[in-house]
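To start, the structure under review is shown below, and the notes come after it.
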Protein chains: 2
Amino acid sequence: MAHSDQYIDKLRKSGLRPTKQRIKICEVLFDAEKTFHFTIKELVKIIENQANIKVSLATVYNTVHAFIRKGYLKEIPLNASQSYFDTNVTHHHHFFDEEENKLIDIHQDDVDEVNIKRIIPGKKIRSVEVIAKIVSDNQSQK
Amino acid sequence: MAHSDQYIDKLRKSGLRPTKQRIKICEVLFDAEKTFHFTIKELVKIIENQANIKVSLATVYNTVHAFIRKGYLKEIPLNASQSYFDTNVTHHHHFFDEEENKLIDIHQDDVDEVNIKRIIPGKKIRSVEVIAKIVSDNQSQK
DNA sequence: CAACAGTTTAGAATAAATATAATGTATTAT
DNA sequence: ATAATACATTATATTTATTCTAAACTGTTG
Ligand SMILES: [Mn+2]
Ligand SMILES: [Mn+2]
Ligand SMILES: [Zn+2]
Ligand SMILES: [Zn+2]
């Protein structure tokens with residue numbers, strides 16, 4: 001439990017008390033080797049498989065949203081039917097594999113800065129995100 | 001009713017019979033001066049205000065999805081809580097005004113081609129979309 | 001215009017997300 | 001440490017977007 005202090009810190013900074021449910025959520029989210037994308041349902045399943053702690057859906061939703069508010073997680077809108085979340089909170093872009101229904105990160109350095117010529121008076125750009133949909137390349141055909 | 005034939009054509013090509021409900025939906029969607037963005041709820045409200053035809057939610061959903069399948073409408077994922085649709089089916093990008101919750105088109109010519117250096121073996125890019133979130137520019141401060 | 005296929009609709013069903021309120025726990029004050 | 005307090009957790013109910021169902025209705029075709 002080397003990272004436990006960091007989780008407690010993240011929780012406290014999010015205005016949340018460090019309870020065992022929330023620390024478990026942190027372990028799943030922030031202990032992973034690599035960042036990853038998930039739905040709430042998937043997160044609940046991971047927690048259930050990885051621990052014998054029972055965590056209610058409400059707690060997972062509340063904790064995830066608290067982390068999003070603080071910038072410890074990002075929400076990726078892709079599909080109207082459910083939210084995807086991202087533990088990679090750096091500025092980056094995505095491939096979305098339409099066949100596997102999987103997000104794949106594209107590092108910011110792998111996309112030339114997006115140059116938008118149009119401006120809206122009185123408004124400024126806060127963020128720019130690129131989503132590239134990909135499918136199998138059956139290049140043999142045609 | 002000059003455009004009526006076009007609507008009937010669109011409906012037939014979508015595999016739908018031209019009923020008065022569907023023609024009304026077409027009028028709202030395709031008769032507008034400019035292309036526009038809408039949610040299903042907004043579309044139903046427009047129809048109710050503009051006609052004394054009653055159209056059920058189910059019919060609106062079904063017709064909109066049939067048009068999406070045919071490419072007569074596009075769906076814009078923005079927000080997990082509800083779908084936005086677009087009568088502009090050309091390849092283009094969007095500003096999303098986070099304060100007004102409104103989409104604004106960015107013409108393809110107003111964005112330099114997005115150059116993604118990374119490739120995924122066996123996959124090809126089908127589409128690339130940019131969403132730039134905008135907020136008020138209170139430039140007076142700081 | 002009859003017969004049929006396809007359509008509309010109200011209402012039910014589903015599923016994601018959020019709210020509620022009773023019970024439990026971390027924190028703080030004593 | 002213990003009690004008091006504030007906050008959390010949970011099961012459950014609610015809300016909301018969307019889809020399904022099945023009965024009544026309408027466009028189409030001959
Ligand atoms: Mn959300
Ligand atoms: Mn849809
Ligand atoms: Zn990502
Ligand atoms: Zn648009």
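Here is how names work: the chains are called A, B, and so on, in the same order as the sequence lines, proteins then strands, and each is numbered from 1. As the structure is a prediction and not an experimental result, all values here were calculated from the model.
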- Message: Expressed as a whole number of angstroms, how long is the span from B:I25:CD1 to C:dT9:C1'?
- Response: 13 Å

Short N/O separations, protein against nucleotides 24-29 of chain D, under 3.5 angstrom:
{"unit_1": "D:dT28", "atom_1": "OP1", "unit_2": "B:R12", "atom_2": "NH2", "d": "2.4"}

- Task: Measure the distance from CD1 on A:I68 to P on C:dA17 and round it to the nearest whole Å.
- Result: 10 Å

- Query: So what does B:L57 hit on the nucleic acid, given a heavy-atom distance under 4.0 Å: a base, only sugar-phosphate, or nothing?
  - Reply: base

- Message: Can you see whether B:N88 engages B:T90 through a side-chain donor-acceptor pair at a distance of less than 3.5 angstrom?
- Response: yes

- Item | Gap between atoms CZ and P, on A:R22 and C:dT25 respectively (whole Å) | 14 Å

- Message: How many whole angstroms separate atom CG of A:L11 from atom P of C:dT27?
- Response: 11 Å

Output one line per pair: protein atom, nucleotide atom from nucleotides 19-21 of chain C, and distance, for all N/O pairs under 3.5 Å.
none

- Message: Among C:dT9, D:dA11, D:dT18, which nucleotide has an atom closest to any side-chain atom of A:S56?
- Response: D:dA11

- Would you name the heavy atoms of A:K24 and A:I47 that are closest together and state the gap between them? CG-CG2, 3.9 Å

- Task: Determine the minimum heavy-atom distance between B:T87 and B:F38, stating which atoms define it.
- Result: CG2-CE2, 3.9 Å

- Query: So, B:K117 and A:D109, do they make that salt bridge, N to O below 4.0 Å?
  - Reply: no

- Minimum-distance nucleotide (side-chain atoms of A:Y61 versus D:dA17, D:dT9, C:dA17): C:dA17

- Query: Taking the side chain of B:T59 as heavy atoms from C-beta outward, which of C:dT8, D:dA8, D:dA17 is closest to it?
  - Reply: C:dT8

- Note on the structure: Separation of D:dA17 atom P from B:N62 atom CG, nearest Å, is 17 Å

- Residue whose closest nucleotide on DNA chain D lies nearer the 5' end, B:K41 versus A:Q21: A:Q21

- Query: Between A:K133 and B:E129, is there a salt bridge with N-O shorter than 4.0 Å?
  - Reply: no

- What are the two closest non-hydrogen atoms of B:R17 and B:R22, and how far apart are they? O-NH1, 3.0 Å

- Does a donor on one side chain sit under 3.5 Å from an acceptor on the other, for B:H93 and B:H107? no

- Reckon A:H65 has a side-chain N or O less than 4.0 Å from the OP1 or OP2 of C:dA17? no

- Taking atom types as modelled and ignoring hydrogens, do the side chains of A:S83 and A:E75 form a donor-acceptor contact shorter than 3.5 angstrom? yes

- Donor-acceptor pair between A:H92 and A:D110 side chains, under 3.5 angstrom: no

- Think A:S83 has a side-chain N or O under 4.0 angstrom from the OP1 or OP2 of C:dA16? no

- Message: Please report the distance, rounded to the nearest Å, between CD in B:E42 and P in D:dT16.
- Response: 16 Å

- Task: Would you kindly give the CD-to-P distance between A:Q82 and C:dT18, to the nearest whole Å?
- Result: 13 Å

- B:K54 NZ to C:dG11 C1', in whole Å, measures 11 Å

- Near-ring test A:F67/A:F30, centroid separation under 6.0 angstrom: yes

